[in-house]
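Hydrogens, waters and symmetry mates play no part in the numbers below; they use all other heavy atoms, side chains included. Sequence lines set the chain letters: A, B, ... in the order given, protein chains first and strands last, and positions in each chain run from 1.
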Number of protein chains: 2
Amino acid sequence: MPPRPEMPPRPEQSHKAQLDMFVRKLTAHSPLPLSDQEALLALPYQYRQLAPNTTILREGDRPQVCPILLSGFAYRYKLAADGGRQIVGLRIPGDPLDFQSLYLRTVDHNLQTLTQADVALVPLAELEQLADTRRSIARAILVDILVEASIGREWQLNIGRRHALPRLAHFLCELAYRVQFSEPQADAQLDVPLTQEQLADILGLTPVHVNRTLKTLEQEGAVTRSGRRLWASDINALARLCDFSPLYLHRDNAA
Amino acid sequence: MPPRPEMPPRPEQSHKAQLDMFVRKLTAHSPLPLSDQEALLALPYQYRQLAPNTTILREGDRPQVCPILLSGFAYRYKLAADGGRQIVGLRIPGDPLDFQSLYLRTVDHNLQTLTQADVALVPLAELEQLADTRRSIARAILVDILVEASIGREWQLNIGRRHALPRLAHFLCELAYRVQFSEPQADAQLDVPLTQEQLADILGLTPVHVNRTLKTLEQEGAVTRSGRRLWASDINALARLCDFSPLYLHRDNAA
DNA sequence: CGGCTATTTGAGGTACCTCAACGCCCGTGG
DNA sequence: CCACGGGCGTTGAGGTACCTCAAATAGCCG
């Protein structure tokens with residue numbers, strides 16, 4: 001969903017605020033003392049602006065840097081032998097993109113930007129050293145990994161055991177919750193940055209069927225569409241359609 | 001399925017060998033110095049023999065112990081609102097069952113024994129202290145968590161984008177590989193410890209369709225059946241049917 | 001042998017897929 | 001500013017992989 005009109009190129013100076021969000025999100029799941037927060041902010045990094053659909057990691061890679069998603073969206077995917085694509089994870093602004101490579105040698109999936117995105121590339125060695133010397137940073141990394149794995153399990157349930165309508169509703173609900181958590185000031189109306197084809201690859205459906213399911217979601221009043229845009233406009237309606245329960249997002253963990 | 005005739009009750013003394021296997025599996029993915037291996041073996045624990053279909057963890061629990069699967073199989077599952085069950089993970093002998101609770105407050109899925117099983121219950125606090133003081137133990141825990149998450153992503157692909165036949169073949173292949181890795185001396189013919197209903201809940205299918213798919217797998221010569229037993233008898237045939245690639249199991253990690 | 005559970009088989013239904021055409025949005029270049 | 005082109009969304013018609021329901025069989029334990 002390519003370059004958004006309301007997203008003009010940002011001033012190069014504002015990385016600080018974006019990095020702040022990353023640290024804030026980590027802390028929200030696993031509290032970090034101020035000194036550790038500062039250590040994270042003091043990490044060296046390279047700043048990159050990436051176009052939509054830019055590949056960041058490929059299956060088999062052995063990365064030397066850990067990308068952090070400062071703005072925009074990204075997704076993980078895998079391919080089946082017949083060319084079928086399954087999106088196995090979605091990352092939102094402020095999310096780290098590859099803590100895994102701190103501990104595993106080779107990457108087991110592909111990672112791509114969904115929208116235009118800003119990324120900070122932190123040398124893995126630097127991050128590793130920080131994790132090795134500061135207990136609560138290591139813990140925060142682990143918690144992020146565990147929460148993402150929990151979301152993956154919920155997606156398994158979603159794909160394996162829910163019909164198209166609740167399946168789609170569940171995903172939109174999750175996305176709305178996650179964005180809401182990380183940007184509490186944002187609209188309640190979530191602007192969904194995915195094409196119907198991408199939604200299909202998340203849900204294990206075809207684009208055609210996603211289209212038809214979106215239409216009925218719109219008739220139910222759960223979703224609004226205009227042009228190519230999609231909004232999750234009534235989260236309660238969505239939640240009702242799929243019996244959404246946010247336990248698996250582990251928001252309670254910090255408390 | 002459960003109580004296997006060839007699995008007589010073991011002498012109570014043999015925990016050592018079983019715990020050894022747990023430590024060996026950890027080390028295989030992330031090398032541990034001997035002192036750390038010994039520290040793990042020296043952990044206090046309670047020994048339990050569990051019947052098939054015994055619940056070990058429930059969604060919402062806040063466990064005080066970390067169960068280690070010394071023998072037998074166990075699985076994680078989640079329920080949809082309409083009662084549909086999705087199995088989201090399978091654990092085999094020697095696997096830790098809940099490292100997650102070292103770092104997350106509440107459990108987000110259910111965990112049950114599949115077969116008769118022996119578990120060691122290690123106090124979380126003791127394990128946590130070990131992980132906090134010994135870097136390579138913390139790392140080994142993380143690697144185990146990451147590999148399980150990687151398997152979860154492959155299951156997403158499997159459920160979302162493969163037809164019943166390659167889907168079933170892929171799962172059987174994975175299971176054969178995993179068991180082979182952890183017990184290199186075992187038969188090449190894997191005795192699959194799952195009912196067709198359980199297979200269905202892993203694969204996002206119905207038991208009836210699993211039955212029919214197994215029949216064609218048998219006709220293909222990939223699988224052998226007798227009575228209620230199922231063997232993955234020709235792993236190469238299975239691998240051919242699904243283009244299996246074991247990269248995602250991260251066997252290369254220790255090397 | 002009886003009773004339970006897992007497996008097997010059949011017949012009919014449906015949720016979702018495939019293929020294909022069309023139209024709209026939007027960026028591009030004249 | 002308009003014409004063009006490509007990508008994405010939309011719609012229809014027909015097909016199929018898998019599901020549902022139901023009943024029968026087979027294995028297993030007491």
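Checked by distance alone, A:Arg212 brings a side-chain donor or acceptor within 3.5 Å of a matching partner on the base of D:dG12.
Dashed line: the shortest gap from a side-chain N or O of A:Asn211 to OP1 or OP2 of D:dG9 is not under 4.0 Å. Taking only side-chain nitrogens and oxygens, B:Gln198 never comes nearer than 4.0 Å to OP1 or OP2 of C:dA6. Contact between the side-chain N/O atoms of A:Gln196 and the OP1/OP2 oxygens of D:dT10 is found at a separation under 4.0 Å. For A:Lys215 and D:dG9, the shortest distance from a side-chain N or O to OP1 or OP2 is not below 4.0 Å.
Looking at which nucleotide of DNA chain D each of A:Gly227 and B:Pro207 is closest to, the 5′-most match is held by A:Gly227.
When only modelled atom types and interatomic distance are considered, A:Tyr75 and A:Gln198 share no side-chain donor-acceptor pair under 3.5 Å. Remark: the B:Gln180 side chain and the B:Arg178 side chain contain no N/O donor-acceptor pair separated by less than 3.5 Å. Side chain to side chain, A:His15 and A:Tyr45 meet the donor-acceptor criterion of an N or O pair below 3.5 Å.
Between the NE2 atom of A:His163 and the C1' atom of D:dT20 there is a distance of 11 Å, rounded to whole Å. The distance between atom CZ of B:Arg162 and atom P of C:dC16, rounded to the nearest whole Å, is 21 Å. If you measure from atom CG of A:Leu168 to atom P of C:dC16, you get 11 Å, rounded to the nearest angstrom. Spacing between atom CG of A:Leu217 and atom P of D:dT10 amounts to 13 Å, rounded to whole angstrom units. Between the CD1 atom of A:Ile159 and the P atom of C:dC16 there is a distance of 13 Å, given to the nearest Å. Nucleotide D:dC8 holds its C1' atom 13 Å from the CG atom of A:Leu230, rounded to whole Å. The distance from atom CZ of A:Arg225 to atom C1' of D:dC8 is 12 Å, rounded to the nearest whole Å. Distance, A:His209 NE2 to D:dT10 P: 15 Å, rounded to whole Å.
Salt-bridge annotation for B:Asp98 and B:Arg91: absent, with no side-chain N of the basic residue lying under 4.0 Å from a carboxylate O of the acidic one.
Across C:dC17, C:dC16, C:dA6, the shortest atom-to-atom separation from the side chain of B:Thr195 is found for C:dA6. For B:Thr206, the side-chain atoms get nearest to D:dT20 when compared with the rest of D:dT20, D:dC18, C:dC16.
A 6.0 Å sphere centred on CZ of B:Arg58 holds no more than 12 heavy atoms belonging to other residues, nucleotides or ligands.
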